[in-house]
Amino acid sequence: MSDPVGKLPSELDQLPDRDTEETAEWAASLDAVAKAAGTRRAEYLLRRTLQHAEAAGLALPKLLETDYVNTIPTSAEPEFPGDMEMEAKITAWNRWNAAAMVTRGSKYGVGGHIATFASAAWLYETGFQHFFRGKEADGSGDQLYIQGHASPGIYARAFLDGRVSEQQLDNFRQESGGNGLPSYPHPRRLPWLWEFPTVSMGLGPLSAIYQARFNRYLQNRNIKDTANSHVWAFLGDGEMDEPESTAALALASREQLDNLTFVINCNLQRLDGPVRANFRVVQELEAQFRGAGWNVIKSLWGSAWDELFQLDTTGALVRRLREVPDAQFQTYATRDVAYIRQHFFGANAELVQLAGVLSDAKIAECFHSSRGGHEPRKVYAAYKAALEHKGAPTVILAQTVKGYTLGAGFESKNANHQMKKLTIDEFKDMRDLLGLPIPDSAFADGVVPYGHPGVNSPEVRYLNERRAALGGPAPARKVKHVALPAPADRSFAPLIKGSGKQEMATTMAFVRLVKDLMRDKETGKRWVPIVPDEARTFGMESLFPSAGIYSPLGQTYEPVDRDQLMYYKEAKDGQILNEGITEAGAMADFIAACTSYATHGEPMIPFYIFYSMFGWQRTADQMWQLADQLGKGFIVGATAGRTTLTGEGLQHADGHSHLIASTNPASLNYDPAFAYEIAVIVKDGLRRMYGEKPEDVFYYLTVYNEPKVQPAMPEGVEEGILKGLYRFNEASSLESAPAADAPKIQLMASGTAIHWALEAQQLLAADWNVAADVWSATSWGELRREALECDEALLRGEVRTPYVTRALEGVTSPVLAVSDWMRQVPDQISQWVEQDWTSLGTDGFGLSDTREGARRHFGVDAQSIVVAALAQLARRGEVPASAIKEARERYGL
């Protein structure tokens, strides 16, 4: 054999070998083992050596994959502290009622999921009985991210403890009539039970990581003691395919979030088939999490496998388990023993010999049902080990059988995700298997009954005693309202009075306002600035030295700009969350901060500022999650619009975010033109979200990077700013005002477009003797929302006139709307504008150019507005048609 030292990886060649003779001896020893005992023995010794080195704390690369066996052997399992027989009875009732609820609902065609909870029942029940801390304990209790498709099992448990009625179970997925239950965890629909919406797969694991991180943020900033709060995220192995599921694994390990545990239900099936048909998803997930620095606990095999592993003196069984793909193992779970003997144990002589001493009953038990996730003792051992592990988050890979206890027609079948009901005979078989005292006479008229042992039964008493010991019911959402005092007016005063002759972009105006608000003695510490690695772009670097950037490690280095006034300062109690280039992560941070008022009883005021294009377009799903979770805060789309971000081009040119935002009922969307408008909107937003009567809404503001002189606020415009429209400038106020009988038009503009409209107003007066009033449309969306409410009131017999209609009452001239957004954005209100209506916008793809060039391209610059206004007036016969051509030629269009 050639000298193996010569085959060392190149990176080791760069390390000096202080004793080449000793190195050669180690290599020779390995060669000798491989020659005498075989390569498998050599591999085994190397793996054990690496495991020993890891346990000893030696700085070596970790093994990314261990054998396909339980991390905690049976001999090392701790004593189970509960009454296992009693807990089995409770779990049986929950299994039954979950399946009955979905089956009974199937007659209405509302659907539901049975198989997910059936496989995961013990994963939840063990936690509820022994680990999950409730809201009545010290601190905030634990945060539970329940897998969405398992919701029937959670409702079943709430039925057992008396929080859900039988009528509500029968109204599963039937909410419109009242007293119903939402299909999945939805805090907005069932706010006393659910804390976190999780069924948009991938968002649960991402949010759980940032929730655990935010818990530490509150702790390190001395706002709330969260030391005893643990985040549990229950996930499916198929869900881990979503990119968001694993997007923040490195963050969790980097920040040593040992207050976080993922429990992945590895039933090896996703919606339509195997998760990894030709591979092994458990091993893949283990490598992925270990590589990211997580503690990994595998709970794969039930106690029936103990005998098999004890008989495996050569390692043949362990090697075989490591090589069988998931889809084949699912097949074993559905086939008879003869098939398993032939296709699994028949792989080699060692396995044939092992199987020869096993009974058919033992093989059937092992391959059909005995999984680590179905045994409370093994689940308890895994959970206890997870809580005891310090310095890193833990993932528990618990193997189960999808559809477990539902019968052979369900278990391990590819189609079981779409199977919504059991037959009466299948229910009777399930009853017998679970040992439930439900007589045949209870199945009247072919309807499966719900089961309850009685409010004073030993099962319910045990359940309630365990929950009382752990701090009350779970899951549960409890809100104790804490109103925040309004900030002093002096914080808003600089924006109200304007910038004088100094030019200032509205992005900078917002940042200046927040900087002043963060100095407020009462509420300043509650502001949570969140930015995805663009703080300097938005002029936020002035916050670095004063507020600090949050890091659980503080600052362990000397920053390169330490000698500068606005240096990069990290601190353990830092206030800013500077997330790096991850809008999804920043949104997850934002959601955790927005809902702290409910999760921790500590209202926080987050603002998340980002490149406008990379907000709603990239993370709209999380915006819905935010709405579902009843979050409160300010989302700020900076460098907004399609033409204000010079040179960046198509992928940065946002002309549609307000259109997407308008689809979210909880989002109040504003496109302010001036700094004082921002001040009024933010002040009212603080009142509506954090005042005496808080609303479950959040704000979306778009701000621009185009420096402009910011005027002082005119008198009496506050109502119009908040409702969405007010007249900013009348034609009669111009130095060269048109004649009294001149043709008239109303120019309505939002955001930075107000400046084009004001220039067009001057041109129309000076060049065409047309009188144009300019209106600031601060919110097309709020105008539409209020108008829709008026329409709905009319259906109830209540006559109400929309604000936009009233604001324009008495105006006889046409309306021309313009913005830096697609025409659909202002067109949202057109049906409630009684005057002639037309609009201009930036429809189409963006492009790289100067602001002037981009606006000319889209036809929204001042000269284009003039031509559009003349065309509108020409159609009415108020100006000659020739004026249109003349204007185009004059302005070079």
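Throughout, numbering of the chain's residues begins at 1 and tracks the sequence.
Under the 3.5 Å distance criterion, the side-chain polar atoms of Arg95 are matched with a main-chain donor or acceptor of Ala118. Under a 3.5 Å cut-off, the side chain of Ser229 and the backbone N or O of Gly141 do form a donor-acceptor pair. Proximity of a side-chain donor or acceptor of Tyr332 to a complementary backbone N or O of His343 within less than 3.5 Å is detected. Side-chain atoms of Asp312 come within 3.5 Å of backbone N or O of Leu317 as a donor-acceptor pair. Using a distance-only test at 3.5 Å, with no hydrogens or angles considered, no donor-acceptor pair links the side chain of Gln328 to the main chain of Pro325. The closest donor-acceptor contact from the side chain of Asp628 to the backbone of Arg188 lies at 3.5 Å or more, if one exists at all. With Asn97 contributing its side chain and Arg157 its backbone, the two residues share no donor-acceptor pair below 3.5 Å. Between the side chain of Tyr462 and the backbone N or O of Asp83, at least one donor-acceptor pair lies under 3.5 Å. Without hydrogens or angle criteria, Asn171 side chain to Leu181 main chain gives no donor-acceptor distance under 3.5 Å. Judged by distance alone, with hydrogens and angles left aside, the side-chain atoms of Lys298 form a donor-acceptor pair with the main-chain N or O of Asp67 at under 3.5 Å.
Relative to the six-membered ring of Tyr184, Arg173 meets both conditions, a distance below 6.0 Å and an angle of at most 45° to the axis. Stacking of Arg320 on the aromatic ring of Phe344 is recorded, both the 6.0 Å distance cut-off and the 45° axial limit being met.
Taking a cutoff of 4.0 Å between a charged side-chain nitrogen and a carboxylate oxygen, Glu239 and Arg270 do not qualify as a salt bridge. Ionic pairing of Glu136 and Lys478 is present here: one or more N-O contacts between side-chain nitrogen and carboxylate oxygen are shorter than 4.0 angstrom. Salt bridge absent: Lys135 and Asp142 never bring a charged side-chain N and a carboxylate O closer than 4.0 Å. A salt bridge between Arg467 and Asp161 is absent, with no side-chain N of the basic residue lying under 4.0 Å from a carboxylate O of the acidic one. Looking at Asp360 and Arg341, a side-chain N of the basic residue comes within less than 4.0 Å of a carboxylate O on the acidic one, giving a salt bridge. A salt bridge between Asp440 and Arg431 is present, with a side-chain N of the basic residue lying under 4.0 Å from a carboxylate O of the acidic one. Taking a cutoff of 4.0 Å between a charged side-chain nitrogen and a carboxylate oxygen, Glu350 and Arg319 qualify as a salt bridge. In summary, Glu65 and Arg280 do not engage in a salt bridge, as defined by a charged side-chain N under 4.0 Å from a carboxylate O.
Contact record, Ala476 with Arg163: CB-NH1, 4.0 Å, taken as the closest heavy-atom pair. In terms of heavy atoms, Ser183 sits closest to Ser151 at O-OG, 2.7 Å. A pairwise comparison of heavy atoms in Leu160 and Pro453 identifies CD1-CD, 3.5 Å as the closest pair. When all heavy atoms of Ile424 and Gly446 are compared, the pair lying nearest together is CD1-O, 3.4 Å. Of all non-hydrogen atoms in Leu193 and Pro475, the two that sit nearest each other are CD1-O, 3.2 Å. When every heavy atom of Leu249 is checked against every heavy atom of Ala292, the shortest pair comes out as CB-CB, 3.8 Å.
When side chains are defined from C-beta on, Pro274 does not count as touching Leu268, because their heavy atoms never get closer than 4.5 Å. By the 4.5 Å heavy-atom criterion applied to side chains, Met240 and Thr246 are counted as neighbours. Using a 4.5 Å cut-off on side-chain heavy atoms (C-beta onward), Val401 and Ser119 make no contact. Within the 4.5 Å cutoff, the side chain of Leu308 has heavy atoms near those of the Cys366 side chain. Counting heavy atoms from C-beta on, the side chains of Leu300 and Tyr68 come closer than 4.5 Å. Ile154 has its side chain within reach of Phe128: a pair of non-hydrogen atoms, C-beta onward, lies under 4.5 Å apart. Within the 4.5 Å cutoff, no side-chain heavy atoms of Trp96 are placed close to those of Thr91. Trp122 places none of its side-chain heavy atoms less than 4.5 Å from the side chain of Arg371.
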Practice prompt. Show the numbers, then the answer: is there a ring pair (Phe, Tyr, Trp, His ring centres under 6.0 Å) between Tyr383 and Trp232?
Written response: CA-CA 10 Å; Tyr383 287 6; Trp232 299 83; 5.1 Å; yes
Practice prompt. Take Arg461 and Glu465, measure what salt bridge (charged side-chain N to carboxylate O under 4.0 Å, His left out) needs, and give me the verdict at the end.
Written response: CA-CA 6 Å; Arg461 287 201 306 270; Glu465 288 170 1; 5.2 Å; no
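If you check the side chains of Thr74 and Lys378, you find a donor sitting under 3.5 Å from an acceptor. At a cut-off of 3.5 Å, with distance as the only test, no side-chain donor of Gln625 or Ser200 sits close to an acceptor on the other residue. Side-chain contact, Ser299 with Asn70: no donor N or O sits under 3.5 Å from an acceptor N or O. Side-chain N/O atoms of Gln143 and Thr599 include no donor and acceptor closer than 3.5 Å. Side-chain contact check for Asn94 and Glu125: at least one donor-acceptor pair (N or O, by modelled atom type) lies under 3.5 Å. Using modelled atom types, one finds no donor on one side chain facing an acceptor on the other under 3.5 Å when comparing Glu459 with His452. Side chain to side chain, Tyr450 and Asp170 meet the donor-acceptor criterion of an N or O pair below 3.5 Å. Gln147 and Asn265 form no side-chain donor-acceptor contact under 3.5 Å, judged by distance and modelled atom types alone.
Separation of atoms CD1 (Ile146) and CZ (Phe117) is listed at 10.0 Å; rounding is to 0.5 Å. In this structure, CE in Met84 is found 4.0 Å from CZ in Arg377, a value given to the nearest 0.5 Å. Here CD of Gln629 is found 6.5 Å from OG of Ser207. Values are rounded to the nearest 0.5 Å. Between the CD atom of Gln211 and the CG atom of Leu257 there is a distance of 11.0 Å, given to the nearest 0.5 Å. Interatomic distance, NE2 of His374 versus OG of Ser369, reported as 7.5 Å (0.5 Å rounding). Rounding to the nearest 0.5 Å gives a distance of 8.0 Å between CZ of Arg322 and CD of Gln283.
When ring centroids are compared, His230 and Phe131 stay outside the 6.0 Å threshold. Between Phe329 and Trp301, the ring centre distance stays below 6.0 Å. If you look at Phe367 and Trp305, their ring centroids are closer than 6.0 Å. The ring of Tyr124 has its center closer than 6.0 angstrom to the ring center of Phe234.
Between Arg276 and the choices Asp241, Asp237, Asp326, the salt bridge (Lys or Arg N to Asp or Glu O under 4.0 Å) rule is met once, by Asp241. Screening Asn295, Val263, Asp258 for a side chain to side chain contact (heavy atoms under 4.5 Å, CB included) with Thr394, the sole residue that qualifies is Asn295.
Within 6.0 Å of the CD atom in Glu85, the count of heavy atoms belonging to other residues, nucleotides or ligands does not exceed 12.
By the 30° and 60° cut-offs, the orientation of the rings of Tyr155 relative to Trp194 is perpendicular. Taking the six-membered ring for Trp and thresholds of 30 and 60 degrees, Trp294 and Phe262 have ring planes inclined between 30 and 60 degrees apart. Between His113 and His149, the ring-plane angle classifies as tilted under the 30° and 60° cut-offs.
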